[in-house]
Amino acid sequence: MDFLHELNDNQREAVLHTEGPALVIAGAGSGKTRVLTYRIAHLLSKGIPAYHILALTFTNKAAREMQKRISQLVGAENASNLWMGTFHSIFSKILRFEADKLGYTSNFTIYDTQDSKNLIKAIVKDLKLDDKVYKPNDVLGRISMAKNNLIVAQAYAQSSRITNADAAARKPMIAEIYKHYQMRCKQSDTMDFDDLLLQTNILFRDFPEVLAKYQQKFRYILVDEYQDTNYSQYLIIKKLSESHHNICVVGDDAQSIYSFRGARIENILNFRNDYPDFKIFKLEQNYRSTTTIVNAANSIISKNKEQIPKRIFSENEEGEKIKVLRALSDKEEGFQVTNEIFKMANYEQEEYSDFAILYRTNAQSRILEEALRKRNIPYKIYGGQSFYQRKEIKDLLAYFRLSVNQNDEEAFKRIINYPRRGIGDTTIDKIREIAQQHRVSMWTVLCNLEKVAGSFNNSSLTKLNNFRLLIEKFAERSQEENAYDVACTIVQSSGITDDLSNDSTPEGVSRKENIQELLNAIKDFSETAYKEGFSDKLATFLEGVALLTDQDTEKPGDDNKVTLMTIHAAKGLEFPNVFITGIEEELFPAQQCASNPQALEEERRLFYVALTRAEKKVVMSYATTRYRNGQIISTRPSRFIAEIDPHFLDGFIAPRQETSPFNFKTTSPFRKPVSETLAPVHTTPLPDIGSSKLKPIEPNSVIPGMILFHPTFGTGKVLSLEGLGVNKKAKMFFNKEGTKTLLLKFAKLFIQED
DNA sequence: TATAGGTCGCTTTTT
DNA sequence: GCGACCTATA
């Protein structure tokens with residue numbers, strides 16, 4: 001047990017306290033993963049069999065990282081018997097064992113978010129509802145919210161609180177859509193992501209003997225990032241640990257940033273109520289960052305009310321102050337940031353891989369990328385389309401899914417006419433209709449075509465039968481052959497190969513490469529499975545792949561590059577130098593969060609996360625104007641800058657004081673409909689500048705907020721800009737004429753000479 | 001049935 | 001600014 005010496009006192013105590021509930025509050029950079037892995041290693045060394053230990057994470061990446069580190073401590077053999085993985089992967093495994101109890105088969109397939117949205121779209125159409133009102137995103141959001149709170153379709157419809165809310169939002173039919181949605185998932189033998197947790201809860205609720213079995217099995221439970229658990233996940237853990245209370249949760253309430261997808265920070269805040277015999281361990285020493293960064297982060301987070309008291313400290317050197325860059329536009333911000341990186345890389349010998357540029361929204365990345373390209377600075381960008389989201393990959397996966405589960409409706413619809421085999425929308429709609437009437441899957445209709453032959457013409461019947469035979473062949477083969485052989489057959493005989501060969505555009509070539517890449521992965525899977533003696537069937541491959549995203553696929557050649565990503569994506573990572581960009585009101589904090597104290601606290605935690613990613617140096621930047629949704633708007637520095645103890649800042653001059661520097665009473669008029677905002681802003685007329693010295697102004701220099709003079713309309717204020725180049729228009733307010741939109745190419749505008 | 005052109009809408013994101 | 005998605009059109 002010599003590895004215990006590598007821990008500080010608090011870490012060691014947390015590792016050694018194995019019996020009974022433990023709450024580990026792990027501040028940023030305090031060695032959280034180390035505690036988790038050593039704790040598991042310690043349990044194993046005490047002789048507890050690996051299969052009695054359940055360790056849950058939120059991402060595959062975190063699970064893999066932990067697996068790797070435990071392997072190093074106790075050997076790969078021992079580590080591989082642990083039950084370790086994401087909530088979704090672990091419980092989908094269990095659900096496959098117990099599927100029949102819930103009316104599913106163990107071959108159920110998994111709908112990704114796009115499948116769910118497509119199904120909702122189809123239901124909205126079937127129910128003849130307005131698709132402008134029932135947008136798939138919104139509806140799925142409501143259903144997801146319900147599922148994460150264990151509200152099934154019936155309960156949803158019966159809850160007056162919920163249905164009233166829907167009615168108030170003029171969407172009274174969501175309950176009905178939810179019912180259909182759930183019915184059709186079941187009919188398709190599919191579960192969506194939320195189902196994997198919801199159905200687990202149903203399983204444990206309705207089958208106490210099954211629950212007891214898993215309580216027996218999982219004698220020691222560990223949960224990473226506990227502050228990110230939603231109610232559904234929380235309850236699963238609570239039930240599993242009910243009999244023994246050997247539960248250790250690790251997390252940091254200060255880093256809870258996922259409430260928008262159902263995470264409940266109160267799960268960690270209320271741990272003490274659930275387990276009164278709990279013991280708390282606080283990891284307060286930050287090993288990652290300079291004292292300046294840690295203290296700056298502390299000064300920010302102390303503004304939050306709801307938190308577990310702790311004192312994060314660093315014994316590292318003081319380090320540089322936090323630099324604040326001010327730019328006049330988003331473009332210039334990109335320039336300044338890259339300039340700074342360029343200087344540090346060239347004069348201070350920093351590696352490009354030592355830099356991260358973080359932003360609140362993905363939309364900010366483009367302009368930063370441009371700036372990096374101009375400087376020839378290599379970069380990689382996280383987020384964006386993942387490998388498994390690509391069309392060609394999803395098409396092929398749909399073939400796999402249908403081969404394993406013929407009732408999978410979204411897979412069925414995706415490929416019944418891809419590649420083109422002359423089965424058009426009309427035919428597909430008919431099949432769907434018949435399926436609806438008889439309450440069976442579309443596949444079942446396909447298998448009983450002779451009973452409804454009258455509905456189709458002969459040519460359609462032939463085509464449909466051929467498709468059925470094709471899939472049946474794949475299904476048979478997938479029972480017998482290994483995944484790789486079946487996959488190759490599918491790619492060939494489905495016509496995918498031919499379809500892609502006809503496409504010699506660069507996109508087409510890249511599609512072929514992607515298909516090949518997936519085939520390689522399957523080959524790898526089949527060989528490993530064969531060697532290690534577990535199932536090498538397509539169904540097994542699919543189980544794993546459905547829950548996979550490629551956040552983790554580190555591409556070769558990505559070594560010495562600047563990293564760009566959202567702050568959310570950066571959680572859990574660290575970099576020597578971190579740039580936090582776009583620190584402006586209404587962007588960060590996001591404008592829809594400003595009025596809601598809880599949302600604002602979450603934004604502040606997000607800012608805290610951003611700061612604490614850095615080891616040595618933080619640079620923050622803001623612009624005073626920014627393109628947003630195709631419009632230039634003027635912006636002001638975020639309140640978060642002022643919330644940092646100025647002692648830690650370099651280069652930020654707080655704007656002239658009113659009561660508080662950022663207590664702006666008027667909101668920017670540039671983003672709301674003019675009718676709403678014009679009145680308060682312009683109750684007092686603009687001062688006439690027509691009498692002062694004027695000079696003509698270039699269309700490109702016009703910026704919202706400017707007071708300009710127009711020969712006909714007189715003095716006016718630029719409210720917003722729209723259009724580009726020669727079509728650039730300015731919406732302006734004039735004392736005499738009210739609001740006018742002017743094409744800048746023609747408008748003779750003048751600005752006051754200074 | 002493919003494609004061009006117009007409209008809409010728009011935090012954060014894992015599984 | 002841009003992508004997703006719908007619709008018109010030949």
Side-chain angles (χ1 to χ4, degrees), chain A residues 56-63 85-92 110-118 121 125 131-132 135-138 140-141 144 147-148 191-198 200 225 228-230 232-233 256-263 330-331 358-367 369-370 382-386 388-389 391 417 420 422-426 543-552 565-572 582 586-594 596 599 602-603 605-607 609-610 626-632 671 721-725:
Chain A
L56 296 166
T57 64
F58 276 82
T59 64
N60 294 306
K61 197 174 169 186
T86 63
F87 276 88
H88 291 82
S89 75
I90 294 286
F91 295 113
S92 77
I110 295 171
Y111 276 174
D112 67 15
T113 309
Q114 196 53 55
D115 293 320
S116 297
K117 284 184 201 165
N118 290 340
K121 231 185 276 178
K125 206 173 145 198
D131 59 359
K132 297 272 187 300
K135 294 190 203 117
N137 232 347
D138 293 356
L140 183 59
S144 179
K147 286 185 175 178
N148 286 333
M191 293 198 199
D192 66 17
F193 291 134
D194 300 320
D195 276 333
L196 295 174
L197 306 172
L198 171 65
T200 303
E225 306 279 16
D228 287 338
T229 48
N230 63 34
S232 192
Q233 292 163 323
S256 163
I257 55 174
Y258 282 113
S259 77
F260 68 92
R261 65 178 200 216
D330 43 3
K331 213 168 165 182
L358 307 182
Y359 34 80
R360 177 68 236 271
T361 68
N362 280 309
Q364 290 163 256
S365 71
R366 197 190 44 99
I367 207 142
E369 282 183 77
E370 273 170 25
Y382 277 67
Q385 206 186 30
S386 87
Y388 292 99
Q389 310 273 11
K391 181 189 175 299
N417 200 31
R420 309 218 154 272
I423 304 176
D425 289 349
T426 330
E543 278 172 34
V545 88
L547 296 170
L548 215 62
T549 54
D550 69 346
Q551 283 296 4
D552 5 278
M565 58 181 143
T566 62
I567 302 169
H568 281 91
K571 183 159 162 228
E586 305 200 316
L587 181 60
F588 192 19
Q591 90 255 14
Q592 50 280 72
C593 298
N596 172 348
E602 180 148 321
E603 294 286 293
R605 293 193 292 267
L606 191 59
F607 192 55
V609 168
R626 177 178 296 279
Y627 258 102
R628 201 135 165 223
N629 301 341
Q631 277 200 338
I632 291 179
R671 40 188 23 280
L721 295 171
E722 52 197 43
L724 272 182

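Within every chain, numbering begins at 1; the chains are lettered A, B, ... in the order of the sequence lines, protein sequences first and strands thereafter. Predicted model only: the values in this text are computed from it and were never measured.
Looking at heavy atoms from C-beta onward, Tyr258(A) lies in side-chain contact with His568(A) at the 4.5 angstrom threshold.
Distances were taken from every side-chain heavy atom of Arg420(A) (C-beta onward) to each of dA2(B), dG1(C), dT11(B); the shortest belongs to dA2(B). Comparing dG1(C), dT11(B), dG9(B) against the side chain of Gln592(A) picks out dT11(B) as the nearest. Here the side chain of His88(A) is nearest to one of dG1(C), dT15(B), dT12(B), namely dT15(B). Taking only side-chain atoms of Lys121(A), from C-beta outward, the nucleotide of dT13(B), dT15(B), dC5(C) with the closest atom is dC5(C). Comparing atom distances between the Ala569(A) side chain and each of dT15(B), dT11(B), dT13(B) picks out dT13(B) as nearest. When each of dT11(B), dT15(B), dT13(B) is scored by its nearest atom to the side-chain atoms of Glu603(A), the top-ranked nucleotide is dT11(B).
Phosphate proximity of dG9(B) to Asn137(A): absent, as no side-chain N or O sits under 4.0 Å from OP1 or OP2. A sub-4.0 Å separation between OP1 or OP2 of dT15(B) and a side-chain N or O of Asn60(A) is present. Side-chain nitrogen and oxygen atoms of Thr86(A) include none within less than 4.0 Å of the OP1 or OP2 phosphate oxygen of dT14(B). Between Arg366(A) and the phosphate of dC2(C), there is a side-chain N or O to OP1/OP2 separation shorter than 4.0 Å.
Regarding Phe260(A), its CZ atom lies at a distance of 5 Å from the C1' atom of dT13(B), rounded to whole Å. The CG atom of Asn596(A) sits 18 Å away from the P atom of dT12(B) (whole-angstrom rounding). The CZ atom of Arg261(A) sits 9 Å away from the P atom of dT13(B) (whole-angstrom rounding). Between the CD1 atom of Ile90(A) and the P atom of dT14(B) there is a distance of 19 Å, rounded to whole Å. The separation between Glu602(A) atom CD and dT13(B) atom P is 13 Å, rounded to whole Å. At whole-Å resolution of the value, CG in Asp131(A) and C1' in dC8(B) are 12 Å apart. Atom-to-atom, CG of Leu358(A) to C1' of dT11(B) comes out at 16 Å; the value is rounded to the nearest Å. Atoms CD (Gln631(A)) and C1' (dG9(B)) sit 13 Å apart, rounded to a whole Å.
For dA4(C) and dT13(B), the P atoms lie 16 Å apart once the distance is rounded to whole Å.
Lys571(A) and Glu225(A) are joined by a salt bridge, as a carboxylate oxygen and a charged side-chain nitrogen come within less than 4.0 angstrom of each other. A salt bridge is defined here as a Lys NZ or Arg NE, NH1 or NH2 lying under 4.0 Å from an Asp or Glu carboxylate O, and Lys147(A) with Asp195(A) meets this definition. Under 4.0 Å is where a charged nitrogen must lie from a carboxylate oxygen, and between Arg366(A) and Glu369(A) no such pair does. Taking a cutoff of 4.0 Å between a charged side-chain nitrogen and a carboxylate oxygen, Arg360(A) and Glu603(A) qualify as a salt bridge.
Using a 4.0 Å heavy-atom cutoff across all strands shown, Lys135(A) reaches sugar-phosphate atoms only and no base atom.
Counting atom types as modelled, Thr113(A) pairs a side-chain N or O with a base atom of dT15(B) as donor and acceptor under 3.5 Å.
For Phe58(A), the ring pair (Phe, Tyr, Trp, His ring centres under 6.0 Å) test picks out Phe87(A), with sequence neighbours left out.
In this entry the base of dT11(B) is syn relative to its sugar, with a glycosidic angle within 90° of 0.
DNA chain B is contacted by both Arg360(A) and Ile423(A); Ile423(A) maps to the nucleotide lying nearer its 5′ end (nearest heavy atom per residue). Where Gly424(A) and Leu606(A) meet DNA chain B, the nucleotide closest to each residue was compared, and Gly424(A) sits on the side nearer the 5' end.
The aromatic ring of Phe193(A) does not sit over the base of dT14(B); the criterion of centres under 5.5 Å apart with planes under 30° is not met.
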